[in-house]
S.K.: 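Sharing a structure, written as structure tokens. Questions coming.
All values derive from a computational prediction rather than experimental measurement.
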Amino acid sequence: MNIKGLLGNMLPTSPLRPAEKTERAIKSDSSSADRDANGQQAGGGEQQQREPMTDEQLQKALEHLRNLPGVKDHNWTVELSVNEAKRFAIVKDLNGNVIRRIPEADLWTLPSATEPSKGQLLKKTA
């Protein structure tokens, strides 16, 4: 049985009216930065422009990197590099290959040794 032809004859047809144009401004983010699908800005989005690190702060950050377990286990070296007035911490392996180049702005976010570790439910000594 062909119901397509049957329904087409029974349903009243109404003329389509054109849609009205609405003048509504599209809301957008206040910044032009890209956002992830969940609305967070890519790369954390919480970065603030900070003043350059002092030499003492930079040395503390480099020392903190040198004392990280992964760096010690693999016998990697951490060096300071200055390129065009920008400072970077360079992590190198035993052969001298660059593993990671960390800009000075990212060194601000290193966890300090004085902060207590959170989220460690199990200890190896227990």
S.K.: V71 versus V78: any side-chain heavy-atom pair under 4.5 Å?
M.R.: yes
S.K.: Is any side-chain heavy atom of V91 less than 4.5 Å from a side-chain heavy atom of V98?
M.R.: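 A side-chain contact is absent here, since even the closest heavy-atom pair is not under 4.5 Å.
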S.K.: Is D93 salt-bridged to R100, cutoff N-O under 4.0 Å?
M.R.: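 Salt bridge: no.
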S.K.: Could you walk me through whether E79 and K92 pass salt bridge (charged side-chain N to carboxylate O under 4.0 Å, His left out), step by step?
M.R.: CA-CA 8 Å; E79 302 172 0; K92 294 183 178 182; 3.4 Å; yes
S.K.: Do the side chains of I99 and F88 join up, straight or via other hydrophobic residues, at under 4.5 Å, putting them in one cluster?
M.R.: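 No; tracing contacts between hydrophobic side chains, which count when under 4.5 Å, never links both residues.
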S.K.: Short question: side chain of Q59, backbone of E56 - any donor-acceptor pair under 3.5 Å?
M.R.: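 Such a contact is absent between Q59 side chain and E56 backbone.
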S.K.: Could you measure the distance from the OG atom of S81 to the CZ atom of R101? Nearest 0.5 Å is fine.
M.R.: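 Between S81 OG and R101 CZ, I get 7.5 Å after rounding to 0.5 Å.
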S.K.: Does E63 offer a backbone N or O that forms a donor-acceptor pair with the side chain of N67 under 3.5 Å?
M.R.: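 Looks like yes, one N/O pair under 3.5 Å.
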S.K.: Should L65 and L107 count as side-chain neighbours, where that means a heavy-atom distance under 4.5 Å?
M.R.: yes
S.K.: For R87 and V82, work out which heavy atoms get closest and say how close.
M.R.: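 The answer is CG-CG2, 3.9 Å.
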S.K.: Heavy atoms, side chains only, cut-off 4.5 Å: are R66 and W76 in contact?
M.R.: no
S.K.: On a heavy-atom basis, which atom in L58 and which in M53 lie closest, and how many Å separate them?
M.R.: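 Of all heavy-atom pairs spanning L58 and M53, the closest is CD1-SD, 3.8 Å.
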S.K.: Is there side-chain contact between L80 and L62, with heavy atoms separated by less than 4.5 Å?
M.R.: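 In short, these two side chains touch, coming nearer than 4.5 Å.
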S.K.: Would you compute the distance between atom CG of D55 and atom NZ of K60 and round it to the nearest 0.5 angstrom?
M.R.: 13.0 Å
